[in-house]
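Residue numbers start from 1 in every chain, and the chains themselves are labelled A, B, ... in the order their sequence lines are given, proteins ahead of strands.
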There are 2 protein chains.
Amino acid sequence: MEVRRRLAQNEKVEFRSKAVKLKSCSIDSFAWAGVQYPTVACATCELCDLWCQPIRDNPERYNSLEWFKNRRTKIRRGEYLFHAGEPFRSLYALRAGFLKVFFVSQGREHVTGFYMAGELVGLDAIHAARHTCSAVALEDGQVCEVPFEQLEKLCLDLPASQHRLHRFMSREITRHYEMVAELVGKTVEERMAAFLLNLSKRFSEHRYSPTQFQLRMKRDEIGNYLGMTVETVSRTLRKFHAAGLISVRGKQLELLDLDGLHRTANRDELPSASLPKLR
Amino acid sequence: MEVRRRLAQNEKVEFRSKAVKLKSCSIDSFAWAGVQYPTVACATCELCDLWCQPIRDNPERYNSLEWFKNRRTKIRRGEYLFHAGEPFRSLYALRAGFLKVFFVSQGREHVTGFYMAGELVGLDAIHAARHTCSAVALEDGQVCEVPFEQLEKLCLDLPASQHRLHRFMSREITRHYEMVAELVGKTVEERMAAFLLNLSKRFSEHRYSPTQFQLRMKRDEIGNYLGMTVETVSRTLRKFHAAGLISVRGKQLELLDLDGLHRTANRDELPSASLPKLR
DNA sequence: CGGGCCCTTGAGGTGCCTCAAATTTTGTGG
DNA sequence: CCACAAAATTTGAGGCACCTCAAGGGCCCG
C-alpha cells in the first residue's frame with residue numbers, strides 16, 4: 001500500500017527560481033544533494049506569526065526549553081509525513097514542496113487536500129490524538145515540525161498565538177464547507193475549472209506563476225479530490241484544451257484564459273444566453 | 001429571504017418526555033408559555049467539561065467577572081440564532097431543539113449540518129470573525145451562549161479547557177472529511193441510509209429513541225445536505241419504505257431494519273452477490 | 001528494446017436530474 | 001372549527017451527464 005520512495009533526479013531543477021522573494025528569515029533556502037532549494041520565506045509562512053516569531057521574540061522564555069528551534073526536515077517525493085492511524089504529535093508547516101493528504105474509506109481513496117509551500121497540515125488529528133489522514137510528498141520539499149503539545153503550552157502564554165491557532169482551525173472548517181459547495185450540484189467542468197483556479201490563486205499567493213505550473217498530482221488523484229473518475233478528468237482537461245482555456249501537456253499546465261475559466265466555474269450564475277456551451 | 005418567525009402551537013408537545021434522563025445539573029428543564037420543556041442534561045452537553053464545569057469549580061476566579069453564568073436563551077422554530085455575515089461573538093451549545101446550519105452559494109442553499117441537543121455550533125466563524133453560515137431553529141429549543149472572547153480567556157488559564165476546545169474544532173474538521181467521503185462516489189441510497197443511521201446514532205447518544213423520531217427538516221433540506229434533489233429524496237425514502245427498511249409517514253420516521261440500512265449504506269463494501277439490489 | 005505506469009479515447013449503459021402535474025399537508029382567516 | 005390558499009411532498013416521463021468497461025498509445029526506466 002505504501003507508495004515507494006522514488007529518487008526523482010529530474011525533479012530537482014523544477015523549482016521556479018524566480019518564484020521566491022526572500023524576506024528576513026533565518027533560513028531561506030536549503031541545500032540537498034548538492035542542489036540549493038529555495039523555500040517559502042518564513043514571513044509568508046502561515047506558522048510564522050503563531051509560532052516562530054513569538055519564539056524568536058521571547059528567547060529568554062523559550063530558549064531554555066527545546067522550543068527555540070522549529071525542526072526542519074527534508075522530505076522526498078513519495079515519502080510520507082505521517083500515516084493515517086499514527087499517534088498525533090505535531091503539526092507540519094510545509095516550507096517547500098507539494099503534499100497530498102488523503103484517507104482511505106471503503107476501498108476508495110479520498111483526497112482531502114493538496115498542500116503547497118507555506119501551508120499547514122495536521123489539524124484534523126487533534127481530536128482523536130491520532131492522524132485520520134496520510135500525507136505524502138508529491139515532490140521533494142521541506143517541512144517544519146511543530147510539536148503540538150508545546151504549541152499549546154506556548155498558546156497558554158500568548159493570547160495572540162492562541163487566537164491565531166483558533167483561526168487556523170476555523171479556516172480549515174470553512175474551507176471544507178466551500179469544498180462541499182464546490183462538489184455537490186456542480187458539473188465536472190465547473191469543478192475542474194474551480195480547481196485549476198484555486199491552484200492558480202495559491203501558487204500566485206506564494207509567488208509562483210499563476211498561469212504556468214506543474215500538476216504535481218496524478219489524474220486519478222485529481223479525480224479522487226474532485227469526485228470524478230480518471231477518464232472524466234482526462235476528458236475534461238482535454239475539452240478545456242480544445243476550447244483554448246488551457247494548454248495541457250502531461251503534467252505541464254498553462255492557463256490561457258483565466259476569465260473563461262472563471263465563467264466556466266460559475267456557469268449557472270450567469271444568464272445562459274451569454275455563454276456558448278463548451279462542445 | 002428571511003424565514004419568518006412562526007408560532008408553532010402544535011410543536012409544543014412534541015418533545016419526547018421519556019427521552020431525557022436528567023442528571024445533576026442546575027437546570028434540567030425550562031418553562032415557556034406554560035409548557036415545561038425537558039432539556040439535555042448539562043453533563044451530557046459537549047460544552048460542560050470545557051466551560052460550565054470549570055466555571056462552577058472556580059467560582060472565586062470567575063464570579064467576579066460576568067462568566068459565572070452561561071446565558072441561556074429560548075429559540076423558537078423559524079428563529080435564527082445567527083445569520084451569515086454577522087459579526088462573530090459567541091459559540092452556541094444547543095440544550096434542546098434542532099438546528100439547521102447552512103450557507104447560500106450561487107443561489108443554492110448548502111446545509112452544512114443539522115444539530116441536535118447537546119451539540120456545539122459556530123466554530124466556523126472564528127476565522128473571519130464573522131459567521132459564514134446561518135443557523136435556524138427547526139423546532140423550539142434552548143441554547144447556551146458562550147462568548148468566545150471569554151472562552152479564550154478561560155482557556156489561557158485552563159490547559160485542559162484549551163485542549164478540549166482544540167479537540168472540538170478538530171472534530172469538526174474530521175466530520176467534514178467524512179461528510180465528503182459520504183457524498184462523493186456514493187449512490188443516493190447509500191447516502192440516505194448513512195444519513196438516517198447518523199441521525200439514529202445521535203438521537204440515541206442523547207437518549208432519544210434510535211428507531212423512532214421526527215425528521216425535523218424538510219425534504220429539500222435533506223436534499224441540500226446530501227446533494228440530491230427533493231424528488232430523489234422522496235423517491236429514495238419511498239423505496240426504503242417499500243423495501244421494509246423504514247416506515248415513513250410525513251415527517252414521522254421509524255427505522256425498521258437497522259441492519260438492512262447498514263448494508264444499504266455500505267453496499268459496495270460487500271461482495272455483490274450477497275445482497276439483492278433494491279428494486 | 002521491452003515492460004509497467006499513466007494517460008487518453010471510444011462505446012454503451014444508467015443513475016439521477018429536469019420538467020410537469022397530481023396529491024397531501026400546513027398555515028391562515030373567517 | 002371549517003374552508004380555502006399556499007407550501008410541501010409525491011409521482012411520472014424523458015433525457016443527459018457521467019460512470020463503466022475496454023482497448024490503444026505515450027513516457028519513463030531498466
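- Taking side-chain N and O atoms only, K251(A) has no distance below 4.0 Å to OP1 or OP2 of dC6(C).
- Distance CE (M217(A)) to C1' (dC6(C)): 15 Å, rounded to an integer number of Å.
- Taking atom CZ of residue F240(A) and atom P of nucleotide dT8(C), one finds them 14 Å apart after rounding to whole Å.
- For the pair S234(B) and dT9(D), the criterion of a side-chain N or O lying under 4.0 Å from OP1 or OP2 is not met.
- Side-chain proximity of K218(A) to the nucleotides dC6(C), dC27(D), dT25(C) is greatest for dC6(C).
- Atom CD of E189(A) is separated from atom P of dC19(D) by 13 Å (rounded to the nearest Å).
- In this structure, F82(A) has its ring center under 6.0 Å from that of Y92(A).
- Between Y177(B) and H176(A), the angle of the ring planes goes over 60°, which puts this pair in the perpendicular group of the 30/60° scheme.
- Between K186(A) atom NZ and dC18(D) atom P there is a gap of 12 Å when expressed in whole angstrom units.
- Among the heavy atoms of the strands, none lies under 4.0 Å from G223(A).
- Between F114(A) and Y225(A), the ring planes lie perpendicular to each other; the angle is over 60°, past the 30° to 60° tilted range.
- Side-chain N/O atoms of R219(B) and base N/O atoms of dT24(C) include no donor-acceptor pair closer than 3.5 Å.
- Of the side-chain N and O atoms in T232(A), one or more sit less than 4.0 angstrom from OP1 or OP2 of dC19(D).
- Neither OP1 nor OP2 of dT9(D) sits under 4.0 Å from any side-chain N or O of R249(B).
- Rounding to whole angstrom units, CE of residue M228(B) and P of dT18(C) are separated by 13 Å.
- For the salt bridge (Lys or Arg N to Asp or Glu O under 4.0 Å) with E189(B), the lone residue among K239(B), R235(B), R238(B), R263(B) that qualifies is K239(B).
- The interatomic distance linking L237(A) (CG) with dT9(C) (P) rounds to 11 Å, in whole Å.
- Distance R108(A) CZ to dC19(D) P: 8 Å, rounded to the nearest Å.
- Of the charged side-chain nitrogens involved, at least one lies within less than 4.0 Å of a carboxylate oxygen, so that R175(B) and E172(B) count as a salt-bridged pair.
- Judged by distance alone with a 3.5 Å cut-off, a donor-acceptor contact links the side chain of R235(B) to the base of dG12(D).
- In this structure, R238(B) reaches the dT11(D) phosphate: one of its side-chain N or O atoms is under 4.0 Å from OP1 or OP2.
- Contact of E231(A) with dC21(D) (side chain to base): a donor-acceptor pair of N or O atoms is detected under 3.5 Å.
- Considering only side-chain N and O atoms, T187(A) lies nowhere under 4.0 angstrom from the phosphate OP1 or OP2 of dA17(D).
- Straight-line distance from the NE2 atom of H241(A) to the C1' atom of dC7(C): 15 Å, rounded to whole Å.
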